[in-house]
Amino acid sequence: MVGNREAMDVRTDCKNQVRPRLDLSIKVDKVRHEYTSRNGEHVLALDDVSIDIPSGQFVAIVGPSGCGKTSILNMLAGLIMPSRGAVYVDGEMVNGTSRAVGYMFARDGMLPWRTAQANVAFGLEVRGVSRSDRLARADALLERVGLKGFERAFRSQLSHGMRQRVALARTMAIDPKVFLLDEPFGALDAQTRIVLQEEFVRLWENTGKTVLLVTHDISEAVAMADRVIVLSARPGRIKSDITIDLPRPRDIESIRFDEKFARLARRIWRDIGGRAEGGMA
Amino acid sequence: MNPRLPSTVGRSRRPAAPRFPLRALVNPDSRFTIWIWRLALAALVIGGWQVVAALQLVDPMFLASPMAVCGFLFHYILSGKIWVNSAVTLEETILGFAFGAALGVLAGLVIGWSKFLERVLTPFLTICNSLPRVALAPMFIIWFGIGALSKVVLAFSLVFFIVLISTEAGVRSIDPDLTMMAKVMGATDRQRFLKVVLHGAVPSIFAGLRLGVIYSLLGVVVGEMIAAKWGLGQQVMEYSYNYKPAGVFGVLAILALIAICLNELMTRVERRLGRWKGED
């Protein structure tokens with residue numbers, strides 16, 4: 001960690017930039033991401049993207065597919081490095097995977113040979129938490145995500161929604177300061193999706209955790225987040241940054257019929273580049 | 001999990017049979033019926049064989065009757081030759097298999113884990129594996145003598161590549177979502193390897209081991225057939241040179257029995273490991 005700080009200092013000094021504020025949970029600083037695709041094509045995925053997220057905020061990133069939304073999460077999780085610029089979590093420059101971050105995908109990633117309980121305990125197991133402690137913790141979390149009684153179930157015995165709940169409990173088990181969510185409800189049917197969105201918001205509210213959600217579902221973004229960032233098509237640049245001043249606690253299901261919700265959703269839809277204003281309404 | 005679960009209870013209690021009364025005779029869920037059919041089929045084949053042999057439809061020099069084979073086996077057991085030769089063959093088979101399997105699993109894991117090694121070595125592995133390695137048996141005899149070593153080495157060369165390739169395939173077949181999950185959950189490389197990759201590759205490793213044990217026996221028998229002092233392969237050659245078909249078929253029956261036992265053993269070990277599904 002000391003090494004990280006030094007690296008960050010060198011970087012900020014030589015670029016004459018302001019050191020990230022400490023109350024910032026996430027800082028994406030002038031990030032550019034380019035890579036060579038499998039068929040040898042040079043791709044500029046993100047260009048000059050900066051995002052500051054204070055701790056405790058729930059931010060959603062929306063944008064057309066291929067705009068590099070997921071690349072931002074992968075950078076914050078330390079899975080890829082930006083070609084230019086830097087990303088910071090909790091004031092530390094990210095280089096390599098960090099244990100302060102919890103990352104959840106559209107696919108559940110459950111180990112099929114482990115029970116739900118042992119899957120939830122995985123993160124604690126690799127951190128060396130004792131067996132009885134981690135299993136007790138896993139049971140408590142399974143109960144919180146509504147899976148009491150399924151502790152011994154294997155992946156093959158669970159529905160898609162239940163698997164995603166396990167993934168959520170697994171992510172919560174490591175108690176990360178920052179949640180990175182990459183379309184975690186995207187693979188679910190419409191009804192289950194709303195139920196899980198609601199449960200996630202209910203579990204998150206009052207925890208003070210920072211959440212960065214990537215989605216292509218505008219109503220999901222508006223219903224759940226405090227703030228929605230719209231990225232443009234490739235190369236992804238920030239097109240707009242909209243505060244969602246809907247009251248909390250929110251009822252994900254009924255908020256969709258709120259007039260303000262509709263206005264915000266329409267605005268985002270327009271920014272993304274959907275068809276003319278009448279198109280959606 | 002238990003393959004016997006959907007047994008007779010579920011279906012045969014429903015009296016759907018009357019529409020076609022013979023259905024009970026072809027009920028695929030009745031273990032009793034299945035065994036009756038198996039025995040009937042075996043009796044048919046052996047009986048037919050006995051008839052063909054007894055009527056001398058085929059020159060007795062080429063085909064021994066089942067009775068003659070039984071007679072041979074009786075004497076073979078009494079004389080104790082069965083134990084000496086089976087022991088030699090079994091010992092060579094197990095040694096070749098053990099070394100081949102251990103090193104094959106190890107090499108398969110390393111190659112499967114390292115993209116670099118995999119890319120460099122794949123063409124060589126493909127060549128080695130597609131080569132009919134039993135054709136090298138005469139060379140192994142020249143290099144390692146007519147004793148047990150040449151048979152063990154031949155069995156090893158068969159088992160090693162079979163196990164290596166299925167292990168590598170097992171490692172490669174692991175869902176990248178799982179290793180990704182382990183990575184973002186903070187698992188170290190070592191933990192990812194032990195808790196995700198190794199565990200995920202077990203079914204494929206066992207498929208290779210089950211195949212490998214049979215190939216080990218094959219390699220040993222081929223080696224013995226070419227040059228050996230002892231062993232069931234050598235016995236097959238001896239009896240066929242001396243035009244004793246009953247001896248050839250008798251020894252083949254012993255080999256079949258050994259192969260079945262080895263296969264059954266592997267299946268049991270696998271099942272035991274399969275039950276070990278929990279943590280760590």
Side-chain angles (χ1 to χ4, degrees), chain A residues 70 73-74 76-80 96-129 131-132 134-135 138 151-157 163 166-167 170-176 178-182 187, chain B residues 1-3 5-6 105 109 112-113 115-116 118-119 122 166-167 169-209 267 269-280:
Chain A
T70 299
L73 293 193
N74 285 342
L76 287 165
L79 297 173
I80 56 172
T97 50
S98 149
R99 292 188 166 185
V101 168
Y103 199 163
M104 201 179 150
F105 314 101
R107 288 165 309 231
D108 54 83
M110 271 183 83
L111 299 171
W113 55 84
R114 284 182 177 229
T115 60
Q117 184 194 44
N119 265 289
V120 174
F122 183 84
L124 299 172
E125 188 183 320
V126 300
R127 282 163 176 73
V129 175
R131 190 183 152 81
S132 56
R134 63 182 191 245
L135 294 187
E151 293 83 1
R152 309 300 302 161
F154 290 98
R155 183 179 187 274
S156 54
Q157 298 163 311
R163 291 172 189 174
V166 172
R170 183 186 61 210
T171 313
M172 283 165 40
I174 59 175
D175 197 28
V178 171
F179 278 89
L180 305 175
L181 310 180
D182 187 5
Chain B
M1 289 295 117
N2 186 345
L5 257 182
V105 168
L109 290 174
W113 184 242
K115 209 174 215 170
F116 173 74
E118 190 247 346
R119 295 212 168 141
T122 294
S166 59
T167 303
V171 172
R172 207 151 295 287
S173 72
I174 288 163
D175 188 345
D177 285 354
L178 301 185
T179 42
M180 178 85 140
M181 181 282 294
K183 197 168 182 180
V184 300
M185 292 301 287
T188 60
D189 278 359
R190 187 168 166 273
Q191 287 170 326
R192 272 194 299 151
F193 184 77
L194 292 175
K195 291 176 193 292
V196 179
V197 174
L198 189 58
H199 211 137
V202 163
S204 186
I205 291 174
F206 262 94
L209 292 180
T267 310
V269 173
E270 185 180 8
R271 214 176 287 157
R272 175 150 296 195
L273 260 159
R275 223 179 286 149
W276 175 72
K277 267 186 166 172
E279 266 193 283
D280 299 312

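Note that the structure is a prediction, hence the values are computed from the model and not measured. Throughout, protein chains are lettered first and strands after them, A, B, ... in sequence-line order, and every chain is numbered starting at 1. Below, each value reflects all heavy atoms present in this structure, side chains not excepted, and no hydrogens, waters or symmetry copies.
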Side chain to side chain contact (heavy atoms under 4.5 Å, CB included) between A:L111 and B:M181, worked out: CA-CA 9 Å; A:L111 299 171; B:M181 181 282 294; 3.9 Å; yes
Short side-chain to backbone donor-acceptor contact, A:R127 and B:A187, under 3.5 Å: no
Spacing of A:R114 atom CZ and B:L178 atom CG [to the nearest 0.5 Å]: 11.0 Å
Verdict with reasoning, A:E125 to B:Q191, per side chain to side chain contact (heavy atoms under 4.5 Å, CB included): CA-CA 10 Å; A:E125 188 183 320; B:Q191 287 170 326; over 6 Å; no
Over all atoms of both residues, closest heavy-atom pair of A:W113 and B:K195: CZ2-O, 3.4 Å
Side-chain touch B:M180/A:R107, heavy atoms, less than 4.5 angstrom: no
Which atom of A:V126 lies closest to which atom of B:M185, heavy atoms considered: CG2-O, 3.7 Å
B:V202 versus chain A, the contacting section by heavy-atom distance below 4.5 Å: neither
Segment of A:L180 engaging chain B (4.5 angstrom heavy-atom cut-off): neither
Stepwise side chain to side chain contact (heavy atoms under 4.5 Å, CB included) test for B:V184 and A:V101: CA-CA 8 Å; B:V184 300; A:V101 168; over 6 Å; no
Proximal component of A:M110, with respect to chain B [non-hydrogen, under 4.5 Å]: backbone
